[in-house]
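Single-structure report; data block below.
Every chain is numbered from 1 and lettered A, B, ... according to where its sequence line falls, protein lines coming before strand lines.
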There are 2 protein chains.
Amino acid sequence: MKNVTIADVAKQAEVSKSTVSQYLNKRYDYMGEKTKQRIQEAVEKLGYQPNIVARSLKQKATKTIGVIVANILHNFTTKVVRAIEDVCHASDFHTIICNADDDPVKEKYYIEMLRAKQVDGLIIFPTGDNRDLYQKMLDSSYPVVFMDREVEGMDIPSIMLHNEKAAELAVEHFLEKGYRRIGMMTTSLINHTTPRVERVEGYKKALRRSGIPIYKDYIISGEPQSLQTELEELLHLERPPEGILAGNDLVLIEILKYAKQKGVRVPEDLAVIGIDDVSFASFYTPAITTVAQPTFKMGKAGAELLLNIVQKQEETTKQASLRFEPTLMIRDSV
Amino acid sequence: MKNVTIADVAKQAEVSKSTVSQYLNKRYDYMGEKTKQRIQEAVEKLGYQPNIVARSLKQKATKTIGVIVANILHNFTTKVVRAIEDVCHASDFHTIICNADDDPVKEKYYIEMLRAKQVDGLIIFPTGDNRDLYQKMLDSSYPVVFMDREVEGMDIPSIMLHNEKAAELAVEHFLEKGYRRIGMMTTSLINHTTPRVERVEGYKKALRRSGIPIYKDYIISGEPQSLQTELEELLHLERPPEGILAGNDLVLIEILKYAKQKGVRVPEDLAVIGIDDVSFASFYTPAITTVAQPTFKMGKAGAELLLNIVQKQEETTKQASLRFEPTLMIRDSV
DNA sequence: CTGAAAGCGCTTACAG
DNA sequence: CTGAAAGCGCTTACAG
């Protein structure tokens with residue numbers, strides 16, 4: 001079964017390819033009624049389906065954007081991606097999702113691959129370690145929007161949570177509930193990943209504001225695999241924290257696993273707040289108090305910003321960056 | 001900044017476009033050493049990146065496959081998709097994921113869209129309600145593989161769990177633990193979705209084999225939103241079940257939510273087993289006994305099968321269908 | 001060992 | 001109101 005092309009339709013309808021193309025693109029201001037009909041019949045008879053690849057080549061636009069996430073395992077990421085897809089879909093854009101797995105090499109591979117595929121723009125949760133590439137995109141004024149993180153000194157807009165506030169909200173809730181010895185645990189800080197750094201900053205600020213001393217020992221960061229042992233040490237300090245703030249969903253899960261395994265009671269032995277409103281928060285026992293990110297709004301904002309840039313209604317510049325407000329979801333874990 | 005094309009490279013290197021193309025495609029059996037070098041230098045100097053859209057048009061292959069999932073909310077789906085991506089990535093294929101949201105209209109839209117984008121093949125978690133379209137793909141021998149579900153009478157290979165066995169494993173575990181009054185709850189059966197139907201079948205078989213009567217009242221199905229009220233009724237029967245099998249992860253979550261809200265103790269008041277090994281199973285309290293699907297293996301098998309078909313090493317036929325074995329993960333909820 | 005030419009399936013000024 | 005022609009950026013027999 002040969003693929004039917006616009007030429008076949010033209011022949012069948014006894015008009016030129018141009019006319020068929022006009023018809024298909026709904027540019028029939030002056031097209032004869034019978035012509036339209038003949039083309040429509042030919043299209044149906046032959047079961048013609050346009051070849052988008054050919055169109056893209058000619059139009060130099062694919063109506064597709066790429067999304068490169070740093071790590072698909074974060075619940076936040078999944079949610080944001082869904083929102084991006086929804087927005088794009090509504091504007092008739094398609095999305096290609098790639099997972100860089102926190103690896104700059106993979107990120108580079110995907111950026112190059114997606115650009116080779118001629119996607120019209122990119123939303124990146126940047127690893128931060130491909131500055132030359134980011135710069136190249138800027139130089140060629142290729143549409144890019146960063147999500148969740150920013151890259152210092154790079155004039156690319158970022159969609160971000162108000163991270164300091166998220167941590168402050170959590171710490172203030174601990175304080176209100178009478179906790180004074182509050183720890184914080186986060187995934188690795190070595191890459192200076194924006195949300196992590198800012199959340200730790202917010203944690204410190206909130207404590208300082210209440211005149212509570214900040215113990216270095218109370219601030220833990222590391223890869224998820226090492227968190228269990230870190231936690232073990234933390235809780236065996238002479239004066240261990242009575243409450244702990246999990247910097248994101250993966251950290252929260254490690255804490256809950258540890259608690260379960262060691263018979264640490266939440267919140268009696270250890271109160272917990274997690275940043276990111278995990279799926280099971282509401283029906284876990286105890287229900288987990290979290291700080292929720294407006295994932296849908298953030299995804300939507302990122303997609304809309306990118307599409308605006310693609311459609312030249314906006315400039316790729318840090319000016320366009322947006323911060324979103326976190327919300328404290330009070331439940332039973334503190 | 002103009003996009004640099006193969007013509008620019010050719011001019012720069014003072015060779016023809018053909019030669020550059022050969023070089024880029026590593027067809028340089030007989031290419032002069034200096035020629036290669038000149039081309040390589042030109043490529044670097046100009047920062048040339050090939051345009052995959054143009055290549056795809058010519059080669060009539062995009063090295064991209066489409067994945068249309070019925071419902072991205074299932075944990076199973078996410079896992080399988082990741083495995084598919086991994087396999088494709090390793091074979092230098094790209095993937096475009098679309099979520100049909102259990103809606104045949106969306107499914108149709110995506111099938112047509114992806115074919116228009118000239119993807120080389122499709123992995124579909126079929127809604128089952130687009131038989132004409134499925135048939136059309138078969139007729140034009142377009143590569144398709146079904147995942148998770150099969151469509152009756154359609155000669156397309158499916159990658160599936162041994163669903164009956166999954167339910168049997170769960171029921172047998174209930175029985176071993178001394179339970180006799182065992183209910184089953186699943187998402188809607190009206191579309192005869194393979195796994196749901198087969199799991200209910202397995203549940204019945206296992207009971208029958210042990211000579212336990214099957215109560216219609218004990219088998220509940222419906223949309224996730226209505227499950228709470230259904231559950232309420234079920235547990236207020238004169239002789240309510242003491243254990244319940246959740247047909248999938250979404251159902252399990254509804255059950256746990258209900259239990260939490262109504263103070264139903266698991267497993268004391270109600271024992272629970274879920275099909276699908278949810279993320280929180282191991283650290284929930286109580287840890288949830290589940291029947292796990294080999295998600296990674298299944299995704300891998302589906303992707304490999306499709307890629308084989310695309311590369312003409314295998315035929316699109318139901319013969320190629322594969323069933324996978326479930327595993328009982330014994331924990332504390334029964 | 002390398003190049004000229006045709007062609008993949010579209011779109012788009014432009015001419016009439 | 002419709003068509004001929006050029007061109008998007010590649011690849012691929014084929015010729016030499």
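- Whole-Å rounding puts the B:Leu24 CG to D:dT12 P distance at 12 Å.
- In this model, no donor atom of one side chain and acceptor atom of the other lie less than 3.5 Å apart for A:Ser18 and A:Ser21.
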Atom pairs under 3.5 Å: protein N/O with N/O of nucleotides 2-6 of chain C:
from	atom 1	to	atom 2	distance (Å)
C:dT2	OP1	B:Thr35	OG1	2.4
C:dT2	OP2	B:Gly32	N	3.1
C:dG3	OP2	B:Ser16	N	2.9
C:dG3	OP2	B:Ser16	OG	3.4
C:dG3	OP2	B:Thr19	OG1	2.8
C:dA4	N7	B:Ser18	OG	3.3
C:dA4	N6	B:Ser18	OG	2.6

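- Atom CG in A:Asn25 sits roughly 11 Å away from atom P in C:dC10 (whole-Å rounding).
- Secondary structure note: stems in DNA chain D built from 3 or more consecutive Watson-Crick or G-U wobble pairs under 3.5 Å occupy C:1-3 with D:14-16, C:5-12 with D:5-12, C:14-16 with D:1-3.
- With a 6.0 Å cutoff to the six-membered ring centre and a 45° limit on the axis angle, B:Arg115 counts as a cation-pi contact of B:Tyr142.
- Put simply, OH on A:Tyr23 is 18 Å from P on C:dT12, counting in whole angstrom units.
- Ring pair A:His94/B:Tyr110: centre-to-centre distance not below 6.0 Å.
- Look at A:Tyr48 and you'll find a side-chain N or O under 4.0 angstrom from OP1 or OP2 of C:dC10.
- Contact check for B:Asp148 versus B:Leu161: no side-chain heavy atoms found under the 4.5 Å cut-off.
- Separating the CG atom of B:Leu57 from the C1' atom of C:dC10 is a distance of 8 Å, rounded to the nearest angstrom.
- Rounding to whole angstrom units, CD of residue B:Gln59 and P of C:dG9 are separated by 13 Å.
- A sub-4.0 Å separation between OP1 or OP2 of C:dC8 and a side-chain N or O of A:Asn51 is absent.
- Salt bridge present: B:Asp101 and B:Lys106 bring a charged side-chain N and a carboxylate O closer than 4.0 Å.
- Note: CD1 (B:Ile6) to C1' (C:dG7) measures 15 Å, nearest angstrom.
- The NZ-P distance, from B:Lys60 to D:dC10, rounds to 19 Å in whole Å.
- Judged purely by distance below 3.5 Å, without hydrogens or angles, the side chains of A:Lys63 and A:Ser91 never pair a donor atom with an acceptor atom.
- Looking only at atom types and distance, the side chain of B:Gln40 has a donor-acceptor partner in the side chain of B:Tyr23 under 3.5 Å away.
- When atom types are taken as modelled, the side chain of B:Glu107 and the backbone of B:Thr127 share a donor-acceptor pair closer than 3.5 angstrom.
- Atom CD1 in A:Ile52 sits about 16 Å away from atom C1' in D:dC8, given to the nearest Å.
- Taking a cutoff of 4.0 Å between a charged side-chain nitrogen and a carboxylate oxygen, B:Lys36 and B:Glu33 qualify as a salt bridge.
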